Enquirer: 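The structure that follows is given in the form of structure tokens.
In this text, all values refer to a predicted model and were calculated from it rather than measured experimentally. Note on naming: letters A, B, ... go to the chains in the order of the sequence lines (proteins, then strands), and numbering restarts at 1 for each one.
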Protein chains: 2
Amino acid sequence: MGSHSKNKNVTVLDVAKVAGVSKSTVSLVLTQSEKVSEKSKLKVQKAMDEIGYVYNRDAASLRSRRSNLVAIVINDLTNPYAAQLVVGLEKHISEMGLFSMIVNSGEDVERQQRLVRNLKEYNVVAFIICPAPGTTAKWTNDLNNQGFPVINIMREISGSKVPTVLPDNVNGTSLATQHLLSKGFRRIAFLGGNEAISDYHERLEGYVSAMKKGKVRSPKKYQIQSETNRHGGRQALEKALKIEPDLEAIVCFSDVVAYGAIEKMRELGKKPGKEIAVVGFDDLKDSRLMSPSLSSVKIDADKIGAATCQILKKIREQKKPRSKILVDIELIERDSSQ
Amino acid sequence: MGSHSKNKNVTVLDVAKVAGVSKSTVSLVLTQSEKVSEKSKLKVQKAMDEIGYVYNRDAASLRSRRSNLVAIVINDLTNPYAAQLVVGLEKHISEMGLFSMIVNSGEDVERQQRLVRNLKEYNVVAFIICPAPGTTAKWTNDLNNQGFPVINIMREISGSKVPTVLPDNVNGTSLATQHLLSKGFRRIAFLGGNEAISDYHERLEGYVSAMKKGKVRSPKKYQIQSETNRHGGRQALEKALKIEPDLEAIVCFSDVVAYGAIEKMRELGKKPGKEIAVVGFDDLKDSRLMSPSLSSVKIDADKIGAATCQILKKIREQKKPRSKILVDIELIERDSSQ
DNA sequence: ATATTTGTTTGGAACGTTCCAATAGCTATC
DNA sequence: GATAGCTATTGGAACGTTCCAAACAAATAT
């Protein structure tokens, strides 16, 4: 039966006493200083194990005026790509010796604002934000000017001065569209997404420019907006088929939208990949394994994480980071677009 | 142009000076004490706005020996139900005036251990853990005895003394199976899940007992384990049809497994809901909107969150919490099982 | 008028760490 | 053998808050 009491904590002083050194030496060990002898280091570590010492980050952070917390403010945890992204970010952040504080804005600007206000109180190293729709440049800039480094990811805020990490959206849908054109498809629609988010405009632009470059007719009505979830995909496909019964292929705003569209095709008796070719965006884990396997534009969450941490490193070194990193994408051709 | 400097922070002393009160009074306002006059309170709040004061939780937490952080250690953020669960938990936790620290073990015990070791350093109020397979009772008990309250959710650890919140798994699959039996199906298989996790055993038990109660043959070979993702569902269904070509219905370990199974059916030319009835578990948001809409056993993430916080409240009040809360489930009948 | 109660406000100490400047213990140099 | 130049170690102060016991102010009771 262990002790439930929290009356008296084990502190560096206790460690110091047991190890036979001063508290300062213990502190040097804790901060992994170079200038502590191997002998002292071992003594201290042994003492810590022995008496069950737990480092108190509150005290450390208070005194040193820097924490090891990085805030990740994600737009929607229940979106599978967002979840994948968080995992990728977390990995790189922890490799930097930092700890991620993940919060979910749920695409709600006010909630986002509230969360960030709270997170400031923890003295976080930086805010990594995938901004909710409606986030203003002023807000991100103000936050930055208050001394909190901000990095925007996935979505761009026009006028914002904070460094931003983005996938090469334009190139992504452009490659996807070119791929479909090269397979001989002509009546190609763009499904899903909505104007409130910057990536919609970029992905749409890639599609439009590729169609133009291919000299293929692409009327406005081929651009069908929807919610960026499965249900949105279903609705968008239904609408698309009403507008263009001879639809040959679709470029989707995201894999999730593609999933919905494929479901709807089946419901309407159209064979996905056979009668209507499909390319998604994100390349979720499931896309490789479904049937037909889904062609998709892969955004490597690991690369996004790496790029974000590259900026984070610069910031910690007090150097000026690159203001924008475009992470390259890759078109993965699978059965849904043959 | 704001100041980038962090040389000198604005503290309670500055607020006190501006408000014309003592730092102690400012502190009382910050901790929302009853015994500060309305007049002082307003003066202090005005002063805080005026000079842009940011509360320093490190200092507060250090002095008061209690933080407002609750650790949520989730098994797999990329699992859609887990993400939904986190959102439900977060809501209730924030309603208690606490802040969630979400970390992802990725079903890896060692990573889980490392994360918890780190989180201890933040002096968290409690650990809410959906334990990775392989988590031992000793580990959770030790953690608890060290003075860190632990609450297990979704998965039970036999021999563990920590309070646990679970959905009524047995009843869930039992209802699902009874429902299929009442529709006249007889050759009903149980698909997905694996023995490393406690909920598998419970869900399997519900199915087995309902089949027995219905006096319907249910050989061991009707129980087909798999990974608990989409791909696992696909494989499980394929295997099931090899073993029993005249399969009439399936009870799935989770909705995600059901999604995979449904995909595979389509690939093999079997109509889900028409030729093979399907019931899932979790009731993900998508399940309502897909086609055919998926019957499922709903675990209300909000209820799990509420039950967990009920325990958390008891713990904070130093009272003994209930050692186990069984959250009721609900069978949602939709088109996939008519 | 004085004593008592009630309710607010207050300065000093404390939380557990890191920072800093000073010191001690070396070794190498002259 | 004295001095300089390292390197490793050290005690005291500081970070910004809350706790505590004491002081004060206002209202009520005697």
Side-chain angles (χ1 to χ4, degrees), chain A residues 5-45 47-48 51-69 118 120-124 147, chain B residues 5-45 47-48 51-69 97 118 120-125 147:
Chain A
S5 72
K6 267 194 157 183
N7 314 342
K8 205 60 192 166
N9 275 339
V10 177
T11 77
V12 278
L13 273 96
D14 301 309
V15 176
K17 204 174 291 172
V18 173
V21 297
S22 75
K23 64 179 171 40
S24 300
T25 302
V26 177
S27 173
L28 289 171
V29 174
L30 285 168
T31 54
Q32 304 179 48
S33 165
E34 300 291 326
K35 50 184 183 182
V36 63
S37 72
E38 200 60 25
K39 206 177 62 182
S40 303
K41 194 164 146 187
L42 290 173
K43 275 195 295 185
V44 167
Q45 282 167 341
M48 291 200 285
I51 59 180
Y53 169 74
V54 176
Y55 187 53
N56 186 327
R57 286 221 183 256
D58 291 325
S61 168
L62 170 61
R63 180 57 179 108
S64 69
R65 299 164 141 284
R66 80 186 104 81
S67 79
N68 73 334
L69 288 174
N118 285 330
K120 281 185 191 172
E121 302 178 347
Y122 294 99
N123 187 23
V124 295
Chain B
S5 70
K6 267 195 158 182
N7 314 342
K8 205 61 192 168
N9 274 338
V10 177
T11 78
V12 277
L13 273 93
D14 302 310
V15 176
K17 204 175 291 170
V18 173
V21 297
S22 77
K23 63 179 171 40
S24 300
T25 302
V26 176
S27 173
L28 289 171
V29 174
L30 285 168
T31 54
Q32 305 181 48
S33 164
E34 299 292 327
K35 52 186 186 181
V36 62
S37 71
E38 200 60 27
K39 206 176 64 184
S40 303
K41 194 164 146 188
L42 290 173
K43 274 196 296 187
V44 168
Q45 281 166 342
M48 291 200 285
I51 60 181
Y53 169 74
V54 176
Y55 187 52
N56 186 327
R57 287 225 182 252
D58 291 324
S61 168
L62 171 60
R63 180 58 181 105
S64 69
R65 300 162 139 286
R66 78 186 107 79
S67 78
N68 74 335
L69 288 175
N118 285 330
K120 281 185 194 173
E121 302 178 348
Y122 294 99
N123 188 22
V124 294
V125 172

Enquirer: Heavy atoms, side chains only, cut-off 4.5 Å: are A/Asn56 and B/Asn123 in contact?
Expert: no
Enquirer: Checking all strands, does B/Ser61 fall into the base, sugar-phosphate, or nothing category for heavy-atom contacts under 4.0 angstrom?
Expert: nothing
Enquirer: Taking atom P of C/dC26 as reference, at what distance in whole Å does atom NZ of A/Lys35 sit?
Expert: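 Roughly 19 Å, once rounded to whole Å.
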Enquirer: Would you mind telling me which of C/dT17, D/dT17, D/dT9 lies closest to the side-chain atoms of A/Ala59?
Expert: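 So the side chain of A/Ala59 is nearest to C/dT17.
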Enquirer: Return the nearest nucleotide to the side chain of B/Thr25; candidates are D/dT18, C/dT10, D/dT9.
Expert: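 Among the listed nucleotides, the one closest to the side chain of B/Thr25 is C/dT10.
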Enquirer: Using OP1 and OP2 only, check whether a side-chain N or O of A/Ser27 sits under 4.0 Å from C/dT18.
Expert: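 Affirmative; the distance criterion is met.
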Enquirer: Rounding to an integer number of Å, can you tell me how far B/Tyr53 OH sits from D/dG16 P?
Expert: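 So the two atoms are 10 Å apart, to the nearest Å.
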Enquirer: Hey, is the side chain of A/Asn9 poking within less than 4.0 Å of OP1 or OP2 on C/dG16, counting only N and O atoms?
Expert: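 For C/dG16, OP1 or OP2 has a side-chain N or O of A/Asn9 closer than 4.0 Å.
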Enquirer: Using only modelled atom types and a 3.5 angstrom limit, is any donor from either the side chain of A/Arg63 or the base of C/dT18 paired with an acceptor on the other?
Expert: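 Checked by distance alone, the answer is yes.
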Enquirer: Could you check how far CG of A/Leu13 sits from P of D/dG12, rounded to whole Å?
Expert: 12 Å
Enquirer: Please pick, from C/dT18, C/dG16, C/dG12, the nucleotide with the shortest atom-to-atom distance to any side-chain atom of B/Lys23.
Expert: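 Of C/dT18, C/dG16, C/dG12, C/dG12 is nearest to the side chain of B/Lys23.
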Enquirer: Heavy atoms only: give me the nearest B/Ala16-B/Lys23 pair and the separation to one decimal.
Expert: CB-N, 3.6 Å
Enquirer: Starting from C1' on D/dT7, measure out to NZ on A/Lys41 and report it in whole angstrom.
Expert: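 It works out to 16 Å between those atoms.
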Enquirer: Does C/dT9 have its OP1 or OP2 closer than 4.0 Å to a side-chain nitrogen or oxygen of B/Ser40?
Expert: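 Looking at the OP1 and OP2 atoms of C/dT9, one of them is under 4.0 Å from a side-chain N or O of B/Ser40.
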Enquirer: Any side-chain N or O of A/Arg65 below 4.0 angstrom from OP1/OP2 of D/dG16?
Expert: yes
Enquirer: Does B/Ser22 put a side-chain nitrogen or oxygen below 4.0 Å from OP1 or OP2 of C/dT10?
Expert: yes
Enquirer: To the nearest Å, give me how far apart CG (A/Asn123) and P (C/dT17) are.
Expert: 17 Å
Enquirer: Mind calculating the distance between CD (A/Glu121) and C1' (D/dG16) to the nearest angstrom?
Expert: 13 Å
Enquirer: Within less than 4.0 Å of OP1 or OP2 of C/dC15, is there a side-chain N or O belonging to A/Asn56?
Expert: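 Result: no.
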Enquirer: When only distance counts, do a donor and an acceptor, one from the side chain of B/Ser24 and one from the base of C/dG11, lie under 3.5 Å apart?
Expert: yes
Enquirer: What is the distance, rounded to the nearest whole Å, between atom CD1 of A/Ile51 and atom P of C/dG16?
Expert: 13 Å
Enquirer: Out of B/Val44, B/Val36, B/Val15, B/Val12, which one pairs with B/Leu30 under the side-chain contact (heavy atoms from CB on, under 4.5 Å) rule?
Expert: B/Val12
Enquirer: Could you work out which one of D/dG16, C/dT8, D/dT10 sits closest to the side chain of A/Val21?
Expert: D/dT10
Enquirer: For residues A/Lys43 and A/Val21, report the shortest heavy-atom separation together with the two atoms involved.
Expert: NZ-CG1, 4.1 Å
Enquirer: Take B/Lys39 and B/Leu62, find for each the nucleotide of DNA chain C with the closest heavy atom, and name the residue whose nucleotide sits nearer the 5' end.
Expert: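 Its nearest nucleotide being more 5', the pick is B/Lys39.
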Enquirer: Which whole-number value in Å describes the distance from B/Lys17 NZ to C/dG11 P?
Expert: 13 Å
Enquirer: Between C/dT10, D/dT10, D/dT18, which nucleotide gets closest to the side-chain atoms of B/Leu30?
Expert: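 It is D/dT18.
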Enquirer: Out of D/dT9, C/dC15, C/dT8, which nucleotide sits closest to the side chain of B/Ser37?
Expert: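 Shortest atom-to-atom distance from the side chain points to C/dT8.
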Enquirer: Check the pair A/Leu69, B/Tyr122 against side-chain contact (heavy atoms from CB on, under 4.5 Å), reporting the backbone distance first and the verdict last.
Expert: CA-CA 10 Å; A/Leu69 288 174; B/Tyr122 294 99; 3.6 Å; yes
Enquirer: Base, sugar-phosphate, or nothing: which does B/Val12 touch, judged by heavy atoms less than 4.0 Å apart?
Expert: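 Base contact - B/Val12 has a heavy atom under 4.0 Å of at least one base atom.
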Enquirer: Can you tell which of D/dT18, C/dC19, C/dG16 lies closest to the side chain of A/Arg66?
Expert: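 Nucleotide nearest to A/Arg66's side chain: C/dC19.
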Enquirer: Would you call B/Arg65 and A/Asn9 a side-chain contact if the rule is heavy atoms closer than 4.5 Å?
Expert: yes
